[in-house]
Amino acid sequence: MTHYILAIDQGTTSSRAILFDEKGTRVGQSQQEFPQIFPNDGWVEHDPEDIWSSTLSVCQSVLKDTGIDAQAIATIGITNQRETTILWDIDTGKPVYNAIVWQDRRTSGFCQTLSEQGLSEKVQEKTGLLIDPYFSATKIRWILDNVDGAREKAQAGRLAFGTVDSFLLWRLTNGQSHKTDATNAARTMAFNIHTQEWDDELIELLGIGDVLFPEVMDCSADFGVIDASWLGAAIPVNGVAGDQQAALVGQACFAPGMVKSTYGTGCFMILNTGDKAIRSEHKLLTTVGYRLNGKVTYALEGSIFVAGAAIQWLRDGLKLFADAKETQSLAKQALNDDSVYLVPAFTGLGAPYWDPDARGAMIGLTRDTSVADIVSAGLRSVCYQTKDLVGAMAQDGATFSSLRVDGGMVINDVMVQFLSDLLEITVERPCVTETTALGAAFLAGLQVGLYQSLDEVEALWKADKCFEPTMAEGTGDKLYLGWQKAVDRVRTRA
């Protein structure tokens with residue numbers, strides 16, 4: 001009998017459900033985009049009901065489309081957009097405010113105050129993170145301070161906090177499970193990555209101690225059982241990880257020194273550092289790669305806020321093309337692409353700059369700049385930002401000769417080839433590029449015995465194509481220097 005794993009991949013711009021068999025082969029997929037809400041400059045929100053309804057819809061659709069009965073699903077894995085923050089009433093299950101998305105910058109003033117109070121060292125030492133609006137804790141504080149009745153509900157013990165995984169678990173189990181995993185907890189700025197516990201001191205300092213925090217589990221664990229009414233069977237949830245850590249698992253980067261970069265809405269590069277939590281001196285994040293059987297594997301991470309979102313903006317905002325698939329042919333047509341730079345700092349700059357007040361710019365335009373040139377600049381901006389991260393990791397002592405890439409953008413051969421040329425290393429693209437969902441499936445499968453070990457999971461990873469550098473020597477350095485000059489023109493902080 002074939003056992004299936006249902007992976008829920010709740011992302012920033014869409015929700016997906018992918019059905020895998022035990023070999024990690026995709027059997028079926030359903031995807032649904034949902035609205036983005038931009039109430040003010042630098043603010044990004046989602047309606048939690050959109051997150052929930054789209055997630056439930058794609059899960060039901062993939063079963064209907066494949067004709068596979070819910071009884072045949074052995075387990076469910078969940079992977080999710082990280083740091084996005086939801087507070088909900090435990091009596092009604094209703095959120096008290098929209099989800100504040102990881103990209104949101106509204107708490108930059110509060111973060112600046114925390115830094116001025118001298119808390120940066122304490123926060124980095126305990127959490128591995130920098131003080132930044134990116135993370136969940138200051139978003140919790142904002143909701144408590146700005147939503148009528150929220151603080152009072154919290155003080156009455158009626159307000160739960162969760163990242164998207166926790167909110168979905170609560171809904172799927174009809175309020176029976178309030179849990180998260182160590183990777184999502186590690187992105188809140190309220191979790192001590194060394195003790196692997198919520199940090200009471202930080203929670204008190206941040207003024208968020210009244211909300212109900214979820215129980216923190218291993219990435220492979222018993223998270224609860226979904227109510228049979230949702231999909232037609234009571235199915236256990238046995239794997240949870242934030243999307244980037246799930247991709248680390250899906251890319252089988254299990255040995256220290258292995259590195260992957262995921263190109264979705266944002267871009268996130270994670271380097272496995274084994275059992276050592278290496279503190280970055282170059283504005284990278286120290287985080288949890290995954291936690292299995294109580295053992296933590298740590299990682300260094302560089303976060304780019306806008307990658308695929310830049311292409312989405314060129315499509316939906318500027319209407320330069322109708323479908324992202326057109327970007328490959330457009331990039332091949334570009335003639336003036338050596339002089340045009342797009343710095344997509346729409347919600348600030350992430351690593352290694354950490355400038356929440358920077359804003360985007362397009363530089364080097366001339367009268368003969370074409371749509372193709374602008375599209376090429378958008379694709380290249382993702383590669384330049386990746387080189388920023390590689391440079392920071394190298395300064396922290398990392399060395400690697402290859403990079404595993406995944407995410408929706410890497411089906412574009414032109415972009416991946418330019419990435420290899422710019423970094424001057426081999427870039428490996430796997431057969432399954434949506435490795436966030438695959439990683440969640442592997443984690444769930446490990447817990448229920450479909451896989452006996454990480455070695456067994458690693459054996460399932462296969463390369464689709466390897467890209468080798470072909471650019472003339474010195475060309476990449478020249479192009480990257482132009483990028484650095486463009487970035488300097490939008491930065492507000494040294």
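- Between the side chain of Asp243 and the backbone N or O of Thr79 there is no donor-acceptor pair closer than 3.5 Å.
- With contacts defined as side-chain heavy-atom distances shorter than 4.5 Å, the pair Tyr263/Leu419 qualifies.
- For the pair Lys283 and Asp396, the salt-bridge criterion is not met [side-chain N within less than 4.0 Å of a carboxylate O].
- Between the Thr25 side chain and the Asp21 main chain, no donor and acceptor come within less than 3.5 Å of each other.
- Aromatic ring centroids of Phe418 and Tyr384 lie under 6.0 Å apart.
- Using the six-membered ring where Trp is involved, Trp354 and Phe135 have ring planes that are tilted, between 30° and 60° apart.
- Side-chain contact between Ile8 and Asn80 is absent, with no heavy atoms from C-beta onward closer than 4.5 Å.
- The aromatic ring centroids of Phe442 and Phe20 lie 6.0 Å or more from each other.
- No side-chain heavy atom of Arg26 sits less than 4.5 Å from a side-chain heavy atom of Val432.
- Of all heavy-atom pairs between Cys219 and Leu292, the closest is CB-CD2, 4.4 Å.
- Within the 3.5 Å criterion, the main-chain N or O of Val101 finds a donor-acceptor partner in the side chain of Lys139.
- Annotation: cation-pi pair Arg82/Phe268 present, NZ/CZ under 6.0 Å from the ring centroid and within 45° of its normal.
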Run the side chain to side chain contact (heavy atoms under 4.5 Å, CB included) test on Leu443 and Gln447 for me, step by step, so that the C-alpha distance in whole Å, both residues' side-chain angles and the decisive distance to 0.1 Å come before the verdict. CA-CA 7 Å; Leu443 290 168; Gln447 180 66 12; over 6 Å; no
Decide yes or no on side chain to side chain donor-acceptor pair (under 3.5 Å) for Thr426 and Glu468, but give the supporting numbers first. CA-CA 5 Å; Thr426 301; Glu468 301 290 347; 2.8 Å; yes
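- Ser115 places a side-chain N or O within donor-acceptor distance of the main-chain N or O of Cys111, the cut-off being under 3.5 Å.
- One N or O on the side chain of Lys179 and one on the backbone of Asp222 form a donor-acceptor pair closer than 3.5 Å.
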Going through the distances and angles, do Tyr134 and Leu285 end up as a side chain to side chain contact (heavy atoms under 4.5 Å, CB included)? CA-CA 12 Å; Tyr134 181 22; Leu285 307 176; 4.3 Å; yes
For side chain to side chain donor-acceptor pair (under 3.5 Å), just list the numbers for Thr287 and Arg187, CA-CA rounded to whole Å, side-chain angles, deciding distance to a tenth of an Å, and then say yes or no. CA-CA 8 Å; Thr287 194; Arg187 313 297 298 190; 3.3 Å; yes
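- Counting heavy atoms from C-beta outward, Cys431 and Lys462 have side chains that approach closer than 4.5 Å.
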Determine, stepwise, if the pair Gln10 / Thr55 fulfils side chain to side chain donor-acceptor pair (under 3.5 Å). CA-CA 7 Å; Gln10 203 299 301; Thr55 298; 4.8 Å; no
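- Considering only heavy atoms from C-beta on, Ile425 stays 4.5 Å or farther from Ser402 through its side chain.
- Taking 4.0 Å as the cut-off between side-chain N and carboxylate O, Asp181 and Arg291 do not count as a salt-bridged pair.
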Tell me, with the steps shown, if Thr297 and Asp275 meet side chain to side chain contact (heavy atoms under 4.5 Å, CB included). CA-CA 5 Å; Thr297 294; Asp275 58 5; over 6 Å; no
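- Considering every non-hydrogen atom in both Thr180 and Phe223, the closest pair reads O-CE2, 3.5 Å.
- Between the CG atom of Leu450 and the CD atom of Glu456 there is a distance of 9.0 Å, given to the nearest 0.5 Å.
- Using a 4.0 Å cut-off between charged side-chain N and carboxylate O, Asp104 and Arg106 make a salt bridge.
- In this structure, Trp313 has its ring center under 6.0 Å from that of Phe346.
- In terms of heavy atoms, Gly42 sits closest to Arg359 at CA-NH2, 3.9 Å.
- Contact between Gly445 and Thr75 at its shortest, heavy atoms only, is N-CG2, 4.2 Å.
- Contact check for Val62 versus Ile18: no side-chain heavy atoms found under the 4.5 Å cut-off.
- Between the side chain of Asp355 and the backbone N or O of Gly348, no donor-acceptor pair lies under 3.5 Å.
- Looking at Arg404, its side chain does come within 3.5 Å of a backbone N or O of Gln251 through a donor-acceptor pair.
- Remark: Arg279 CZ is packed, more than 12 non-hydrogen atoms of other residues, nucleotides or ligands lying under 6.0 Å away.
- The one candidate from Asn238, Val240, Val225, Ile235 that meets the side-chain contact (heavy atoms from CB on, under 4.5 Å) condition with Ile76 is Ile235.
- Under the 3.5 Å distance criterion, the side-chain polar atoms of Gln245 are matched with a main-chain donor or acceptor of Val288.
- In this structure, the side chain of Gln112 does not engage the main chain of Ser108 through any donor-acceptor pair within 3.5 Å.
- Within 6.0 Å of CD on Glu204 lie no more than 12 heavy atoms contributed by other residues, nucleotides or ligands.
- The closest side-chain heavy-atom distance from Met471 to Gln417 is not below 4.5 Å.
- Side-chain contact between Glu281 and Gln395: absent, with no pair of heavy atoms (C-beta onward) separated by less than 4.5 Å.
- For Asp488, the CG atom sits in a packed shell: over 12 heavy atoms of surrounding residues, nucleotides or ligands are nearer than 6.0 Å.
- Atom CD1 of Ile193 and atom CG of Leu129 lie 7.0 Å apart (nearest 0.5 Å).
- Thr183 places no side-chain N or O within 3.5 Å of a backbone atom of Tyr290 that could act as its donor or acceptor partner.
- Atoms CG and OG, from Leu168 and Ser177 in turn, are 11.5 Å apart once rounded to the nearest 0.5 Å.
- If you check the side chains of Gln32 and Ser30, you find no donor sitting under 3.5 Å from an acceptor.
- Screening Trp52, Phe167, Phe34 for a ring-ring contact (aromatic ring centres under 6.0 Å, His included) with His46, the sole residue that qualifies is Phe34.
- Between Gln328 and Asp413, the closest heavy-atom pair is OE1-N, 2.7 Å.
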Walk me through whether Val448 and His3 qualify under side chain to side chain contact (heavy atoms under 4.5 Å, CB included). CA-CA 11 Å; Val448 296; His3 294 96; over 6 Å; no
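- Nearest heavy atom pair, residue Val211 against residue Ile208, reads CG2-O, 3.3 Å.
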Phe213/Phe191 under ring-ring contact (aromatic ring centres under 6.0 Å, His included): CA gap, chis, key distance, verdict: CA-CA 10 Å; Phe213 282 77; Phe191 183 74; over 10 Å; no
